[in-house]
Amino acid sequence: MPLCGALTKVRPNHFNDLSIAMRLSQYFLPTLKENPSEAQIVSHRLMLRAGMIRQSSAGIYSWLPMGLRVLRKIEQIVREEQDRAGCQELLMPTIQPAELWQQSGRYDDYGKEMLRIQDRHGRDMLYGPTNEEQITEIVKSEIQSYKDMPKMLYHIQWKFRDEVRPRFGIMRGREFLMKDAYSFDMDYESSKRAYNKMFVAYLRTYDRLGLKAIPMRADTGPIGGDLSHEFLVLAETGESGVFVHKDVLDFEIPSDDVDYESDLQPIVDKWTSLYAATDEKHDESAEAELGDQLLNARGIEVGHIFHFGTKYSEPMGATVTDQNGDEVALQMGSYGIGVSRLIGAIIEASHDDGGIIWPESVAPYKIGLINLKSGDADCDAACDKLYKDFNAAGIETLYDDTAERAGAKFNNMDLIGLPWQVVIGPRGLKNGMAEVKNRATGEKEEIAIDQLLAKFS
RNA sequence: CGGGGAGUAGCGCAGCCUGGUAGCGCACGUGCUUUGGGUGCAUGGGGUCGCAGGUUCAAAUCCUGUCUCCCCGACCA
């Protein structure tokens, strides 16, 4: 469908709209001064301290308003890029019938990671760890002719994998939010085009999230071939070692007017032309060959795309009639992004001793407005006006109107990690000035209060 | 699933060895104080010591069992 690229820019998304403004005195934001003892890695600690999540049981979390807000933002960027690539959103259930998995043969194979449950009639059900069977069933039932092919479908849904050992907070939970897309094609060549679309969409998605993500050759599973890549985000605290030709870091991200119907192979070829491997697949000989071109870093896996041919379509009978009237088993691929895990990855990649440093695209609010002297008539008036103006201009603002001391407010705002802090205090106010701090760089500058709106619009 | 550690106030911890009915810091309430990087003083509230048995006149403390959480490893988005 050639329309797919054009639709996304003004895509209304009412159910995902987020409120623009919030007063801290009214916000449910339970921040912690001290580190909870159970949290080991920095993203877990900061998510707990910044009041984003609370643990319910091992690997299962509640999302508090601040955390949910970031989750929604990430989800929305993922959604926009999937839509742009021509992938269509649907929503499949979390609970699936066991029969579906018996058909594919995975019901017995999957093991204890699959949470199995029974309904009141004793019918075997399961909490989906993934959705290949479910989507295959849908396409099988609804598509009979090559004329309705190809199709790319995705959903963003909670999954459950009963990990033996959940850890690292949200990064390795049992319950997690995932975008999974599935492609259906008549032949391998067509399937490869779908794969390339997702490849490009992934590059764009991670870039928009403020991340350096690098595609790396991954295990090809049962099919073989070269259509399988993992996307690793570079972060010092990453779980796996990565070895990358350093020029990969400077490769160009496809722009937002990429034509997804054009031949994307050159982009994919470019991005896979230089050496990039996780430590598991690292080839020692490449190390010598690359010399000082080689970057040895650490990474977090945040996405995986792969082609698996007829692995599910065949056993489940998902066939379509081709031009000759023959029944053909569909060529399939699946494309995952760990949405909730991405929050952890972003924090791992972007924080300092003071707390989180949100990239602007996913920051819960753009501006933290700090009233240094709540209760002071002039400070209150100046802040109220700014707050209203920002609000009217659609600038997301969290207004710290509490009676805390200055130091407490600064530290708390640093912890939360909003990109900009606008500080109003009696001292600057006398001259009509505010202090603006860039959270990422730490730079502070004095700006006239009446110019703030222009700066942030 | 193998190996290790921990459950005492919302959070971080002490007390346990050598039983006598619970304490410190932060947070919270109140009053004063202070006000540009987590003020200071005073005062107050809050805990079936994970749970269940057992030993004992008496158990946070000793014994047995059990549940949960965390860490290392194997596995994974």
Side-chain angles (χ1 to χ4, degrees), chain A residues 30-41 44-45 48-49 51 54-60 74 78 110-114 128-131 156-181 202 206 213 218-219 221 229-233 238-240 278 280 299-306 334-345 353-355 370-376 379 400 402-415 421-430 433-435 437 442 444 446:
Chain A
T31 57
L32 304 171
K33 207 148 128 184
E34 293 179 275
N35 282 321
S37 63
E38 79 264 18
Q40 215 54 215
I41 62 163
H44 190 193
R45 285 202 299 261
L48 289 167
R49 288 192 51 208
R54 286 296 182 261
Q55 179 164 313
S56 170
S57 58
I60 302 178
I74 294 175
V78 170
Y110 216 90
K112 289 188 173 171
E113 280 201 350
M114 185 156 74
T130 176
N131 289 70
I156 299 174
Q157 178 64 291
W158 292 92
K159 309 267 189 293
F160 193 90
R161 290 183 197 166
D162 200 358
E163 299 279 346
V164 229
R165 191 188 157 209
R167 67 185 113 171
F168 305 148
I170 226 63
M171 297 263 286
R172 180 80 187 283
R174 292 194 290 174
E175 188 180 53
F176 55 96
L177 186 62
M178 188 168 169
K179 184 283 301 182
D180 41 325
Y202 274 40
Y206 297 122
D219 270 335
H229 288 89
E230 291 176 344
F231 287 76
L232 280 286
V233 162
E239 59 207 337
S240 20
T278 60
E280 291 169 353
I300 300 167
E301 190 188 341
V302 290
H304 196 171
I305 61 177
F306 58 105
S334 89
Y335 314 90
I337 289 182
V339 176
S340 47
R341 159 177 269 219
L342 269 169
I343 296 191
D353 290 344
I370 298 179
N371 184 344
L372 280 185
K373 197 167 183 179
S374 296
D376 175 90
C379 285
D400 186 346
T402 63
E404 284 294 327
R405 294 175 55 84
K409 293 193 177 194
F410 288 136
N411 283 326
N412 207 41
M413 204 54 91
D414 283 351
L415 171 64
Q421 296 172 14
V422 173
V423 182
I424 302 290
R427 217 160 64 193
L429 199 54
K430 273 183 281 190
M433 303 296 277
E435 184 182 277
K437 173 176 161 181
K444 300 171 185 169
E446 297 280 320

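Protein chains get the first letters and strands the later ones, always in sequence-line order, with residue 1 at the start of each.
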Pairs under 3.5 angstrom, nitrogen or oxygen only, protein versus nucleotides 29-32 of chain B, please.
none

Taking only N/O atoms, report every protein-nucleotides 74-77 of chain B pair under 3.5 Å with atom names and distance.
from: A74(B); atom 1: N6; to: R167(A); atom 2: NH2; distance (Å): 2.6
from: C75(B); atom 1: O2; to: R172(A); atom 2: NH2; distance (Å): 2.7
from: C75(B); atom 1: N3; to: R172(A); atom 2: NH1; distance (Å): 3.4
from: C75(B); atom 1: N3; to: R172(A); atom 2: NH2; distance (Å): 2.8
from: C75(B); atom 1: N4; to: R167(A); atom 2: NH2; distance (Å): 3.1
from: C76(B); atom 1: O2; to: R172(A); atom 2: NE; distance (Å): 3.2
from: A77(B); atom 1: O3'; to: E301(A); atom 2: OE1; distance (Å): 2.8
from: A77(B); atom 1: O3'; to: E301(A); atom 2: OE2; distance (Å): 2.4
from: A77(B); atom 1: O2'; to: E301(A); atom 2: O; distance (Å): 3.3
from: A77(B); atom 1: N6; to: G173(A); atom 2: O; distance (Å): 2.5

Protein-nucleotides 9-11 of chain B N/O pairs closer than 3.5 Å?
from: C11(B); atom 1: O2; to: E34(A); atom 2: OE1; distance (Å): 3.2

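Residues satisfying the ring pair (Phe, Tyr, Trp, His ring centres under 6.0 Å) test with F168(A), not counting sequence neighbours, are none. With sequence neighbours excluded, the residues that form a side-chain contact (heavy atoms from CB on, under 4.5 Å) with P36(A) are L32(A), E38(A), L48(A), R49(A). For Q157(A), there are no side chain to side chain donor-acceptor pair (under 3.5 Å) partners two or more places apart in sequence or in a different chain. With sequence neighbours left out, N371(A) forms a side chain to side chain donor-acceptor pair (under 3.5 Å) with D380(A), Y399(A). For the side chain to side chain donor-acceptor pair (under 3.5 Å) test, no residue two or more places apart in sequence or in another chain qualifies with E404(A). Every residue two or more places apart in sequence or in another chain that forms a salt bridge (Lys or Arg N to Asp or Glu O under 4.0 Å) with K437(A) is listed here: D414(A). Contacts of R45(A) classified as side-chain contact (heavy atoms from CB on, under 4.5 Å), with partners at least two apart in sequence or in another chain: N35(A), A39(A), V42(A). Scored by the side chain to side chain donor-acceptor pair (under 3.5 Å) test, R172(A) finds E163(A) as partners (sequence neighbours excluded). Remark: F231(A) engages F199(A), Y202(A), Y206(A) in a ring pair (Phe, Tyr, Trp, His ring centres under 6.0 Å) (not counting sequence neighbours).
The partner of A9(B) cannot be assigned: no Watson-Crick or G-U wobble pair with both contacts below 3.5 Å exists in any strand. Pair assignment for U39(B): none, as no Watson-Crick or G-U wobble contacts are both less than 3.5 Å. Judged by Watson-Crick or G-U wobble contacts below 3.5 Å, the nucleotide U61(B) has no partner. Nucleotide U48(B) forms no Watson-Crick or G-U wobble pair with any nucleotide shown, as no partner meets the under 3.5 Å limit on both distances.
Residues K373(A) and K409(A) each lie close to RNA chain B; by heavy-atom proximity, the contact nearer the 5' end of the strand is made by K373(A).
Residue T130(A) is out of contact with every strand shown, counting any heavy-atom pair closer than 4.0 Å. The residue A406(A) sits close only to the backbone: its heavy atoms come under 4.0 Å of sugar-phosphate atoms, none of a base. At a threshold of 4.0 angstrom between heavy atoms, the contacts of K179(A) with the nucleic acid are absent. Using a 4.0 Å heavy-atom criterion, one finds that V339(A) contacts no nucleic acid atom at all. Within 4.0 Å of G336(A), counting heavy atoms only, lies no atom of the nucleic acid at all.
Per the geometry, CG belonging to D162(A) stands 10 Å off P belonging to C1(B), to the nearest Å. Put simply, CZ on F168(A) is 16 Å from C1' on C69(B), counting in whole angstrom units. Atom P of nucleotide U35(B) and atom CZ of F410(A) are separated by 15 Å, given to the nearest angstrom. Regarding R49(A), its CZ atom lies at a distance of 12 Å from the P atom of G12(B), rounded to whole Å. Nucleotide U35(B) holds its P atom 16 Å from the CG atom of N371(A), rounded to whole Å. For the pair I424(A) CD1 and G36(B) C1', the interatomic distance rounds to 12 Å; values are reported in whole Å. Put simply, NZ on K33(A) is 16 Å from C1' on C13(B), counting in whole angstrom units. In this structure, CG of L415(A) is placed 18 Å from P of G37(B), rounded to the nearest angstrom.
A distance of 10.0 Å separates NZ in K33(A) from CG in N412(A), rounded to the nearest 0.5 Å. How far CD1 of I41(A) is from CE of M171(A): 4.5 Å, rounded to the nearest 0.5 Å.
Without hydrogens or angle criteria, S340(A) side chain to L177(A) main chain gives a donor-acceptor distance under 3.5 Å. A donor-acceptor pair under 3.5 Å links the side-chain atoms of R161(A) to the main chain of P129(A), judged by distance alone.
Set against C1(B), G37(B), C70(B), the side chain of K112(A) has C1(B) as its closest nucleotide.
An OP1 or OP2 oxygen of C70(B) is reached within less than 4.0 angstrom by a side-chain nitrogen or oxygen of Q55(A). Not one side-chain nitrogen or oxygen of R427(A) sits closer than 4.0 Å to the OP1 or OP2 atom of G36(B).
G7(B) and A14(B) have their C1' atoms separated by 15 Å, with the value rounded to a whole Å. Using C1' as the reference atom, U55(B) and A22(B) are 22 Å apart when rounded to the nearest Å. Straight-line distance between the P atoms of G5(B) and G45(B): roughly 40 Å, to the nearest whole Å. Separating the C1' atom of G15(B) from that of A74(B) is a span of 39 Å, rounded to the nearest Å. One P atom belongs to G65(B), the other to U61(B), and the distance between them is 16 Å to the nearest Å. Taking atom C1' in both A9(B) and C49(B), the straight-line distance is 11 Å, to the nearest Å. Here, C57(B) and C41(B) have their C1' atoms 45 Å apart, quoted to the whole Å. Comparing the C1' positions of U8(B) and C69(B) gives an interatomic distance of 15 Å, to the nearest angstrom.
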Report the C-alpha distance between H304(A) and Y335(A) in whole Å, list the side-chain angles of each, state the deciding distance to 0.1 Å, and finish with yes or no for side-chain contact (heavy atoms from CB on, under 4.5 Å). CA-CA 6 Å; H304(A) 196 171; Y335(A) 314 90; over 6 Å; no
